[in-house]
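Each chain gets a letter, A, B and so on, in the order the sequences are listed, and its residues count up from 1. What you are looking at is a predicted structure, and each value in this text was computed from that prediction instead of being measured. Hydrogens, waters and symmetry mates play no part in the numbers below; they use all other heavy atoms, side chains included.
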Protein chains: 2
Amino acid sequence: MDREAARDLALDAAEELFYSRGIQAVGMDDIRGLSGVSLKRLYQLFATKELLVEAYLERRDVSWRRRLARHVEAFEDPGERILAVFDWLGLWFGEPAFRGCAWINSYGELGATSATIAAQARKHKLAFRRYLRELTAAAGLPEPLADQLLLLAEGAMVTAGIFATPAPAAQARAAAVQLLAAAGRARPAVPAE
Amino acid sequence: MDREAARDLALDAAEELFYSRGIQAVGMDDIRGLSGVSLKRLYQLFATKELLVEAYLERRDVSWRRRLARHVEAFEDPGERILAVFDWLGLWFGEPAFRGCAWINSYGELGATSATIAAQARKHKLAFRRYLRELTAAAGLPEPLADQLLLLAEGAMVTAGIFATPAPAAQARAAAVQLLAAAGRARPAVPAE
DNA sequence: TCGCGGAGAGAACCGGCGTTCCCTAGGGTA
DNA sequence: TACCCTAGGGAACGCCGGTTCTCTCCGCGA
């Protein structure tokens, strides 16, 4: 097993365990047990647990945003793309392994203690906000609307996690429809010509 | 120092430390150091750390909702009361000690491990949702609107915590205004007579 | 066949923390 | 003054988990 393969196995196990149980509840030995990568190798790949956590959040950030983008960009219409974000959240919330947002959870757990984890959470949420701003800009809608959509999405993630139901995605979608309509009335996306 | 006073001191210290640093980052000895209540007494009052955490969340739930209600119920108009919720969030977010929502943070930290903490978070959020539903019902607005307002509020708490800015409260308030207007158009709160 | 270098398993080390225990001091009482 | 009883401080205990170390084994080259 070469270095790359071991790294992937370790990160797979880290993602599975850290996400489902929380970071502090998982020991390096648990990672070793699930991944089959020996402790020695683990520490060659990630000098400390904190670095492993960082790599886990980094990799998940990339894959999370890619999964979202794939779903959203199947649509052509800019307005539909915005709503597709909430539809995708609903799909995500419905997955059996769903346990809330990894970054919100990590921030709650270690944001006060670890500056790097707080920074990772900020980075991820900034990237998500930037994406929403791109989507609203493409639809000719103002930036403040994107920030409101961000609040709906974050609220849906939290509520879906704590209440363990995917319903908040549909609620957020409905609210987004209202906000889009209101913004459309103020500054129509497609001028009447 | 009698039993009641010691209990209050211990809970004051617990709230201060657990909220600012996270639960697992605080040891019983830290509680003792800040409260001045000896370990022996602490364990007479709370047989385990978990019971202390539970008592902390319980007490904070009561005081958090009382603070909110005090601010909201200074207004008479049902519509104003709803918006007052978001104004109060802005005041809260602006406090120097603000570090996000204690229940969202606790859930992220221990929700997967401790069933009682997950239940506390659910209980608190259910109570908040019930309050929002009461406010919208009093304004003659439909229940789904309350659930959407809940998403805005939760999203604002998370975003204000991670980005360390009170701005999300105003963004959520603006979105709430739009949603209220839309709901008012559909089913006017004050019929035209 | 004989070393040798690297890798893995798991024990060992060490610090932290929840919980318990011991020792002392102080105050009330005969 | 002598004796208890209580409370508090803080050391002690046991466990856990991050990190390191050691021992063994395997494959490869001379």
Side-chain angles (χ1 to χ4, degrees), chain A residues 1-57 105-106 108-117 120, chain B residues 1-57 105-106 108-117 120:
Chain A
M1 181 165 54
D2 70 356
R3 195 180 171 86
E4 280 308 306
R7 191 185 150 89
D8 286 347
L9 285 176
L11 285 173
D12 289 346
E15 180 149 3
E16 160 91 22
L17 295 174
F18 286 152
Y19 179 64
S20 65
R21 300 191 201 159
I23 293 169
Q24 301 187 78
V26 172
M28 292 298 273
D29 211 57
D30 298 322
I31 306 279
R32 190 197 59 148
L34 184 60
S35 67
V37 176
S38 74
L39 275 184
K40 188 176 207 173
R41 186 86 109 145
L42 271 181
Y43 277 94
Q44 282 169 0
L45 294 163
F46 309 96
T48 65
K49 185 184 181 186
E50 176 143 15
L51 286 171
L52 173 60
V53 171
E54 216 172 318
Y56 142 63
L57 289 174
N105 291 348
S106 303
E109 185 170 358
L110 293 166
T113 303
S114 156
T116 82
I117 285 182
Q120 291 264 350
Chain B
M1 182 165 55
D2 70 355
R3 194 181 173 86
E4 281 308 307
R7 190 184 152 88
D8 286 346
L9 285 176
L11 285 174
D12 289 346
E15 180 150 4
E16 159 91 22
L17 294 175
F18 287 151
Y19 178 64
S20 65
R21 299 191 202 160
I23 293 169
Q24 301 188 76
V26 173
M28 292 298 273
D29 211 56
D30 297 322
I31 306 278
R32 191 199 58 151
L34 185 60
S35 67
V37 176
S38 74
L39 276 182
K40 189 175 207 170
R41 190 76 162 250
L42 271 181
Y43 277 94
Q44 283 170 1
L45 294 164
F46 309 96
T48 65
K49 185 183 180 183
E50 176 142 16
L51 286 171
L52 173 59
V53 171
E54 216 172 319
Y56 142 63
L57 289 174
N105 291 347
S106 303
E109 186 172 356
L110 292 167
T113 302
S114 155
T116 81
I117 286 183
Q120 291 265 350

What is the distance from [atom1] of [X] to [atom2] of [N], rounded to the nearest Å?
X      : N       : atom1 : atom2 : result
L45(A) : dA7(C)  : CG    : P     : 11 Å
Q44(B) : dT19(C) : CD    : P     : 15 Å
R32(B) : dT19(C) : CZ    : C1'   : 13 Å
L52(B) : dT19(C) : CG    : C1'   : 14 Å

Where is the tightest heavy-atom contact between [X] and [Y], given as atom of each residue plus distance?
X      : Y      : value
V37(B) : A6(B)  : CG2-O, 3.7 Å
F46(A) : R7(A)  : CE2-NH1, 3.4 Å
A10(A) : I31(A) : O-CG2, 4.1 Å

Is there side-chain contact between [X] and [Y], with at least one heavy-atom pair below 4.5 Å?
X       : Y       : result
S106(A) : Q120(A) : no
E109(B) : L110(A) : no
R41(B)  : L45(B)  : yes
L52(B)  : F18(B)  : yes

N/O donor-acceptor pair under 3.5 Å between K49(A) side chain and I23(A) backbone
yes
Per-nucleotide protein contact string for nucleotides 12-20 of chain D (B base, S sugar-phosphate only, - none; heavy atom under 4.0 Å):
------SBB
Please tell me if R41(B) has a side-chain N or O lying less than 4.0 Å from either OP1 or OP2 of dA7(D).
no
So how far off straight is the helix from dT1(C)-dA30(D) to dA30(C)-dT1(D), going by the axes through five pairs at either end, to 10°?
40°
Candidates dG8(C), dG10(D), dG8(D) - which lies nearest the side chain of S38(B)
dG8(D)
